[in-house]
Amino acid sequence: MESNETEKLENLRKLISLYFNRSKSNNNKSDVYTTQVNISYYEIGCVITNMIKMCILTLDNEGDKRSSTNKNPINVSLVLEMVLEMFPINEFELLSEINQMFVTEN
């Protein structure tokens, strides 16, 4: 029983090293920049949720349209692209692996 737990912990260490690699390449494109923001997963979730809500409200109120009263409309496509970039998909993949390894077998 104990060797099974040790094997699980070793597998978890391997998964963590695969999924939590923070170094990101910009593929040597001169117009692409990478930044790192140190926030918690909860904060990332809140930011993404609020950005999506802002897009919904903008589209519902036509805030993405240029008019005489709205000189600087919100670029919803740009905001949604940023949301996709912020989305921690690797970490969600890791959580799925952990779930399969530890939770689903109980």
Side-chain angles (χ1 to χ4, degrees):
M1 188 82 151
E2 193 170 306
S3 84
N4 189 25
E5 292 297 317
T6 304
E7 187 177 318
K8 284 182 181 180
L9 286 175
E10 188 57 37
N11 287 338
L12 181 60
R13 282 190 189 98
K14 288 177 186 176
L15 286 171
I16 288 171
S17 69
L18 288 173
Y19 286 101
F20 281 111
N21 185 357
R22 292 286 184 207
S23 61
K24 293 188 177 184
S25 168
N26 65 1
N27 297 322
N28 296 325
K29 295 180 184 177
S30 61
D31 61 338
V32 176
Y33 300 94
T34 302
T35 186
Q36 184 174 359
V37 179
N38 294 319
I39 60 176
S40 71
Y41 289 109
Y42 177 76
E43 291 169 321
I44 290 173
C46 289
V47 169
I48 290 172
T49 301
N50 283 319
M51 291 174 84
I52 291 171
K53 287 177 184 178
M54 179 196 63
C55 289
I56 292 168
L57 289 172
T58 300
L59 292 172
D60 284 349
N61 295 313
E62 296 186 358
D64 59 331
K65 306 288 188 259
R66 183 177 294 272
S67 68
S68 60
T69 57
N70 188 13
K71 299 289 185 195
N72 297 313
I74 295 172
N75 186 337
V76 176
S77 296
L78 178 64
V79 174
L80 292 174
E81 284 179 27
M82 292 192 70
V83 167
L84 284 175
E85 290 293 321
M86 294 172 61
F87 203 77
I89 193 68
N90 288 345
E91 287 81 356
F92 285 129
E93 289 178 36
L94 173 64
L95 290 173
S96 292
E97 294 283 342
I98 292 170
N99 184 51
Q100 287 178 351
M101 189 184 306
F102 290 98
V103 178
T104 56
E105 66 181 42
N106 290 334

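Residue indices begin at 1 and follow the sequence shown.
- Residues V79 and N75 are not in side-chain contact: their nearest non-hydrogen atoms beyond the backbone lie 4.5 Å or more apart.
- Between P88 and L95, every side-chain heavy-atom pair lies at or beyond the 4.5 Å cut-off.
- Looking only at distances, a side-chain donor or acceptor of E43 sits under 3.5 Å from a matching main-chain atom of S40.
- Listed by first then second residue, pairs satisfying ring-ring contact (aromatic ring centres under 6.0 Å, His included) with a partner in residues 44-76 number zero, not counting sequence neighbours.
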(request) Verify side-chain contact (heavy atoms from CB on, under 4.5 Å) between E7 and N11, making sure each step is shown before the conclusion. (result) CA-CA 6 Å; E7 187 177 318; N11 287 338; 4.1 Å; yes
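- Under a hydrophobic clustering in which Ile, Leu, Val, Met, Phe, Trp and Tyr are joined whenever their side-chain heavy atoms come within less than 4.5 Å, directly or via other members, L80 and L57 fall into different clusters.
- Nearest approach of I44 to M86, heavy atoms of both residues: CG2-O, 4.0 Å.
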(request) Run the numbers on K53 and N50 for side-chain contact (heavy atoms from CB on, under 4.5 Å), then give the verdict. (result) CA-CA 5 Å; K53 287 177 184 178; N50 283 319; 4.2 Å; yes
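- With values rounded to the nearest 0.5 angstrom, L78 atom CG is found 9.5 Å from C55 atom SG.
- A distance of 5.0 Å separates CG of L12 from CD1 of I98, quoted to the nearest 0.5 Å.
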(request) Just do the side-chain contact (heavy atoms from CB on, under 4.5 Å) check on I48 and I52 with the steps written out, would you? (result) CA-CA 6 Å; I48 290 172; I52 291 171; 3.9 Å; yes
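- When every heavy atom of M101 is checked against every heavy atom of K8, the shortest pair comes out as SD-O, 3.5 Å.
- Note on I56 and I74: same hydrophobic cluster, where clusters join Ile, Leu, Val, Met, Phe, Trp and Tyr whose side-chain heavy atoms are under 4.5 Å apart, directly or indirectly.
- Annotation: side-chain contact (heavy atoms from CB on, under 4.5 Å) contacts of I89 (sequence neighbours excluded): F87, E93.
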